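Worksheet: the structure to be examined is printed underneath.
Note: hydrogens, waters and symmetry copies are ignored here, and every other heavy atom, side chains too, is used. The structure presented is a predicted model; accordingly, all values stated were derived computationally and were not measured.
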Amino acid sequence: MNVFRELAQAVRAALREATDGVVAGLEAPAAGVELPRDPAHGDFATNAAMTAARAARMNPRVLAEGLSERLRADARFASVEVAGPGFVNLRMTPEFWRTQIPVILKAGAAYGDSDIGAARRVNVEYVSANPTGPLHVGHARGAVFGDALARLLTRAGYDVTTEYYINDAGAQVDALARSVHHRYLEALGEGPGPMAADMYPGEYLKPLGAVLAEEFGPRWRDADEAAWLFTFRERAVAAMMAAIREDLAAAGIEQQVFTSERALVDAGGVERAIAGLEQKGLVYWGILDPPKGKKPDDWEPGRRQLLFRSTEAGDDVDRPLKKSDGGWTYFASDIAYHMDKAARGFEDLIDVWGADHGGYVKRMQAAVTAATAARLNVKICQLVRVLRGGDMVRMSKRSGDFVTLREVVDEVGRDALRFLMLTRRNDAPLDFDLAQAVAQSRENPVFYVQYAHARCCSVLRHGEDIGEASAEDLARLEEPEELELIRRLAAWPHTVETAAAAHEPHRAAFYLMEAATDFHALWTKGRETARLRFIQDDDPVGTRARLALVRATAIVLAGGLRTLGIEPTERM
RNA sequence: GCGCCCGUAGCUCAGUGGAUAGAGCGUCUGCCUCCGGAGCAGAAGGUCGCACGUUCGAAUCGUGCCGGGCGCACCA
């Protein structure tokens, strides 16, 4: 139970009484308890009287008066005031705030855990980059976002599974196999000439080419592609996935399930999925209009093809399930994959995609809605621009020369990478400044928050032999700055709940910056004002109380950082 | 042309239908005998892209414009 829900409950009960039972609770959708921006409006405010006024057939101000009269009977409130058009502003007593300290200390690392997820089974699929090369910094964003979202949902009481979908069935992995064969020929000392346009030119395939040359010798030098393609593809995909998993691990990410598209296709999953859609009348043979934008060169007008009725669920046009060569489209196998996830018992599917897949959302949601009982939520991560001290770092995918996830981790560390990636909403573009990421100052948020935690630990080390604070000791916490910090700490469980519900881990990141600000402010005050110093040799009682506050701060900061997958460092 | 996303301080960005819209950077002014000053306090800086609408109340919801990004049979 967090303070927010405690108060919402109190308001709900008071509202029921004040309206003689006409309004049973916070029924109006916009009604609730909120944190006012202006501290003059109290610790909490509720608009319940305004939103319930209509249902109760009462004047909002009159209702607010009735509401506040009942709330005043509650000893937790220092003051209850009606303001403006019918707000009820609530101010808690210092005693109430102080009781939060033992709550935090007792919960420890579990402080902020919630049960709003009600153990619902959620599948979070992220990264899922093609296994054709190393992850770049754009993948890093989706990776960090997906991982942090999964951790957040777990904290909020969801039963979360993290997953990576391996796209190992399309033409791109054949091109990968050919690229590896090219490197293999090079390693044999052949001069295979320039790579074909559809090959992957990066240096990263050279080691694998050398390994295969060592292992097989010239056996596949002059052989038909058909003879070696399978082997080279298997080996290449395995090598790429191993490298990808290493890179993810370097960023602190380890997914639980890896699903192979090829395995799904080979097992007949696509046929079964499409047959299921057919039974529902969602598949038909038809003719598609040419795309409205630039017309493809090889457009064949009037060709009949197998289509999915995605327009029935809000897509713009119906989408092809089969290619002109008779093979399944990526969309078809993706439908099968999502049906597979639903069949595994997930009620909520969350996909984290890059910005270039934005046009794919509607059709996939249409398919999931039509074919499964699950809900699909797609989170699009916008592009990342890499800067160094404000200047763009050039990226060229063509030459295979781009900023990789590993390079960024090596340069700035995984904590900085993760935190900075989470200081923006996922649906807004992100500038990632390498210089900012390594700065040891206020402008680097990860440093700033970790520093606050390290400071807590430093103070606690100095006060190691000081005992636990009793409830009476805690009464010594009466300075406004101290109570302000407690208020902030008490808001953490609510932050977890709202961030998880909105699928917005960045809210947790911003919360941590605010909590760090409050702590740094109090710390500095102690340098200026003797009575605010945490440790005072001539005042063991006050010292115990203040160290309890510092310990609670450390718990919240550490718990918050861990929720984002970031190490709460104890020394810097 | 169509779809999705974004327009908030000089710059980079937060902002849960609520009251006087907030941080960081940059600019200016202050604060170290000290538990870590790698920090803190303060000042200046805004027609929340524009216009209608819904609402007791709109940066937030809806519609239409204007900017910018991404994507637009069969690739993945």
Side-chain angles (χ1 to χ4, degrees), chain A residues 29-30 32 34-38 40-41 45 47 50-51 53-54 60 83-87 89 128-130 132 167 169-173 198 261 288-296 298-300 303 305 307 315-325 327 329-331 333-334 354-362 380 382-383 390 423-425 427-431 433 436 439-445 447-448 451-452 454-455 458-463 494 498 501-502 506-507 509-510 513-514 517 520-528 530 533-536 543 546-547 550 571-572:
Chain A
E34 58 204 24
L35 296 168
R37 264 199 299 258
D38 187 341
H41 296 142
N47 58 359
M50 288 183 287
T51 51
R54 180 168 301 187
F87 289 104
N89 294 334
S128 297
N130 287 342
T132 53
N167 295 129
Q172 81 284 354
V173 283
D198 67 341
E261 181 190 5
L288 233 41
D289 289 333
K292 289 287 193 295
K294 55 174 195 282
K295 202 176 200 171
D298 57 347
W299 176 258
E300 302 172 40
R303 187 166 65 79
Q305 54 192 149
L307 299 172
D315 201 359
D316 309 314
V317 293
D318 292 338
R319 304 290 179 176
L321 296 168
K322 276 196 172 178
K323 299 187 277 189
S324 52
D325 67 3
T329 60
Y330 181 75
F331 181 47
S333 69
D334 221 2
D356 53 344
H357 286 59
Y360 199 70
V361 175
K362 275 191 187 178
I380 297 289
Q382 292 295 329
L383 301 180
T423 54
R424 304 250 5 214
R425 288 204 330 267
D427 52 9
L430 172 75
D431 284 349
D433 196 316
Q436 183 195 0
Q440 305 259 304
S441 72
R442 180 79 166 98
E443 66 176 306
N444 181 0
F447 169 80
Y448 186 74
Y451 182 44
R455 267 185 164 172
S458 167
V459 172
L460 293 171
R461 280 193 296 272
H462 279 86
H494 185 247
T498 53
H506 76 274
R507 293 190 193 201
F510 279 92
M513 290 192 267
E514 287 165 353
T517 298
H520 284 309
L522 182 57
W523 195 95
T524 302
K525 278 257 164 58
R527 294 188 74 91
E528 293 160 354
R533 289 173 56 82
F534 297 123
I535 295 172
Q536 296 174 36
T543 299
R546 285 183 295 268
L547 285 186
V550 173
R571 296 169 197 268
M572 310 190 65

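- When side chains are defined from C-beta on, A:Y451 does not count as touching A:Q440, because their heavy atoms never get closer than 4.5 Å.
- With RNA chain B read from its 5' end, the first of the two nearest nucleotides for A:N130 and A:P36 is the one closest to A:P36.
- Nucleic acid contact for A:N444: none, since no nucleic acid atom lies under 4.0 Å from a heavy atom of the residue.
- Nucleotide B:A14 is matched to nothing when pairs are restricted to Watson-Crick or G-U wobble geometry with both distances under 3.5 angstrom.
- With a cut-off of 3.5 Å on both Watson-Crick or G-U wobble distances, the partner of B:A21 is given as none.
- As the counterpart of B:A43, B:U27 is assigned, both hydrogen-bonding distances of the Watson-Crick or G-U wobble pattern falling under 3.5 Å.
- Of the candidates B:C25, B:G39, B:A19, the closest approach to any side-chain atom of A:H41 belongs to B:A19.
- With P as the reference atom, B:G39 and B:G49 are 33 Å apart, rounded to whole Å.
- Per the geometry, CG belonging to A:D318 stands 16 Å off C1' belonging to B:C72, to the nearest Å.
- Residue contacts for A:P85: at a heavy-atom cut-off of 4.0 Å it reaches a base atom on one of the strands shown.
- When both distances must be under 3.5 Å, the Watson-Crick or G-U wobble mate of B:C32 does not exist.
- Comparing B:C40, B:U12, B:G18 by their closest approach to the side chain of A:D431 singles out B:U12.
- Residue contacts shown for A:R455 are limited to sugar-phosphate atoms, with no base heavy atom under 4.0 Å away.
- Residue A:E514 is out of contact with every strand shown, counting any heavy-atom pair closer than 4.0 Å.
- Taking atom P in both B:G24 and B:A43, one finds a spacing of 12 Å when rounded to whole Å.
- Using a 4.0 Å cut-off, no side-chain N or O of A:Y360 falls inside it from OP1 or OP2 of B:C75.
- Within the cation-pi definition used here (under 6.0 Å to the ring centroid, within 45° of the axis), A:R546 does not qualify as a partner of A:F534.
- Nearest nucleotide to the side chain of A:T524, out of B:A76, B:G39, B:A19: B:G39.
- A residue-by-residue look at A:R424 and A:M572 shows that A:R424 has its nearest nucleotide of RNA chain B further toward the 5' end.
- One can place CE of A:M513 at 12 Å from P of B:C25, the figure rounded to the nearest angstrom.
- Among the atoms of the strands shown, base atoms are found under 4.0 Å from some heavy atom of A:G526.
- Taking a pair to require two hydrogen-bonding distances under 3.5 Å in either a Watson-Crick or a G-U wobble arrangement, B:A9 remains unpaired.
- Within the 4.5 Å cutoff, side-chain heavy atoms of A:T498 are placed close to those of A:R507.
- A sub-4.0 Å separation between OP1 or OP2 of B:G24 and a side-chain N or O of A:R442 is present.
- When Watson-Crick and G-U wobble pairs are counted only if both distances are under 3.5 Å, B:U60 pairs with no nucleotide at all.
- For B:A19, the base is stacked against the aromatic ring of A:F87, per a cut-off of 5.5 Å between centres and 30° between planes.
- Annotation for A:G354 and A:I380: closest pair O-CD1, 3.9 Å, computed over non-hydrogen atoms.
- Side-chain polar atoms of A:R442 and A:H520 form no donor-acceptor pair below 3.5 angstrom.
- Between the side-chain ring of A:H506 and the base of B:A14, no stacking contact exists by the 5.5 Å and 30° definition.
- A:L383 comes within 4.0 angstrom of sugar-phosphate atoms only, judged by non-hydrogen atoms across all strands, and of no base.
- Computed from coordinates, the A:R319 CZ to B:G71 P distance equals 15 Å when rounded to whole Å.
- Remark: B:C74 base-pairs with no nucleotide in the shown strands. Criterion, Watson-Crick or G-U wobble with two distances under 3.5 Å.
- On the P atoms, B:A59 is 15 Å away from B:U8, given to the nearest whole Å.
- Atom name P, nucleotides B:G69 and B:C25: the rounded distance is 30 Å, in whole Å.
- Between the base of B:C74 and the side chain of A:S324 there is a donor-acceptor pair shorter than 3.5 Å.
- The side chain of A:H357 lies closest to B:A76, out of B:U12, B:C6, B:A76.
- Checking B:C40, B:C35, B:A76 against the side-chain heavy atoms of A:F534 singles out B:C35 as nearest.
- Look at NE2 on A:H520: it is 14 Å from C1' on B:C35, rounded to the nearest Å.
- Distance A:F510 CZ to B:A21 P: 20 Å, rounded to the nearest Å.
- The structure places OG1 of A:T517 at 12.5 Å from CG of A:L522, a figure rounded to the nearest 0.5 Å.
- Separation of the P atoms belonging to B:C65 and B:G3 is 10 Å when rounded to the nearest angstrom.
- Among the atoms of the strands shown, only primed sugar atoms or phosphate atoms (P, OP1, OP2) are found under 4.0 Å from some heavy atom of A:S441.
- Side-chain N/O atoms of A:K362 include none lying less than 4.0 angstrom from OP1 or OP2 on B:C5.
- Using a 4.0 Å heavy-atom cutoff across all strands shown, A:T329 reaches sugar-phosphate atoms only and no base atom.
- Using a 4.0 Å heavy-atom distance criterion, A:R425 is classed as a sugar-phosphate-only contact.
- Within 4.0 Å of A:H462, counting heavy atoms only, lie sugar-phosphate atoms of the nucleic acid but no base atom.
- Across B:C5, B:C25, B:C74, the shortest atom-to-atom separation from the side chain of A:K323 is found for B:C74.
- Note on A:Q172: only backbone sugar-phosphate atoms sit closer than 4.0 angstrom, heavy atoms only; bases stay farther off.
- Candidate nucleotides B:C74, B:G39, B:C70 were compared by shortest atom distance to the side chain of A:A355, and B:C70 ranks first.
- For A:M50, the side-chain atoms get nearest to B:C56 when compared with the rest of B:C56, B:A76, B:C35.
- Between A:Y360 and A:Y330, the ring planes lie tilted relative to each other; the angle falls in the 30° to 60° range.
- Here the P atom of nucleotide B:C4 and the CG atom of A:D316 are 7 Å apart, to the nearest Å.
- Remark: P of B:G18 and CG of A:N47 are 8 Å apart, rounded to the nearest angstrom.
- B:G30 atom P lies 16 Å from atom CD of A:E528, rounded to whole Å.
- In this structure, of B:A76, B:C5, B:A73, it is B:A73 that holds the atom nearest to the side chain of A:P320.
- Within 4.0 Å of A:K525, counting heavy atoms only, lies no atom of the nucleic acid at all.
- Taking the C1' atoms as reference points, B:C50 lies 16 Å from B:G68, given to the whole Å.
- Using a 4.0 Å heavy-atom criterion, one finds that A:A40 contacts no nucleic acid atom at all.
- A donor-acceptor pair shorter than 3.5 Å cannot be found between the side chains of A:T132 and A:Q172.
- Counting only heavy atoms from C-beta outward, the side chains of A:K362 and A:R319 never approach each other to under 4.5 Å.
- Of the candidates B:C75, B:C5, B:A73, B:A73 carries the atom nearest the A:Q305 side chain, counting heavy atoms from C-beta on.
- Within the nucleic acid shown, A:L288 comes within 4.0 Å of sugar-phosphate atoms alone, with no base atom in reach, counting heavy atoms only.
- Rounded to whole Å, the separation between the C1' atoms of B:C56 and B:G17 comes to 12 Å.
- To the nearest 0.5 Å, atoms CZ (A:F87) and NE2 (A:H41) are separated by 8.0 Å.
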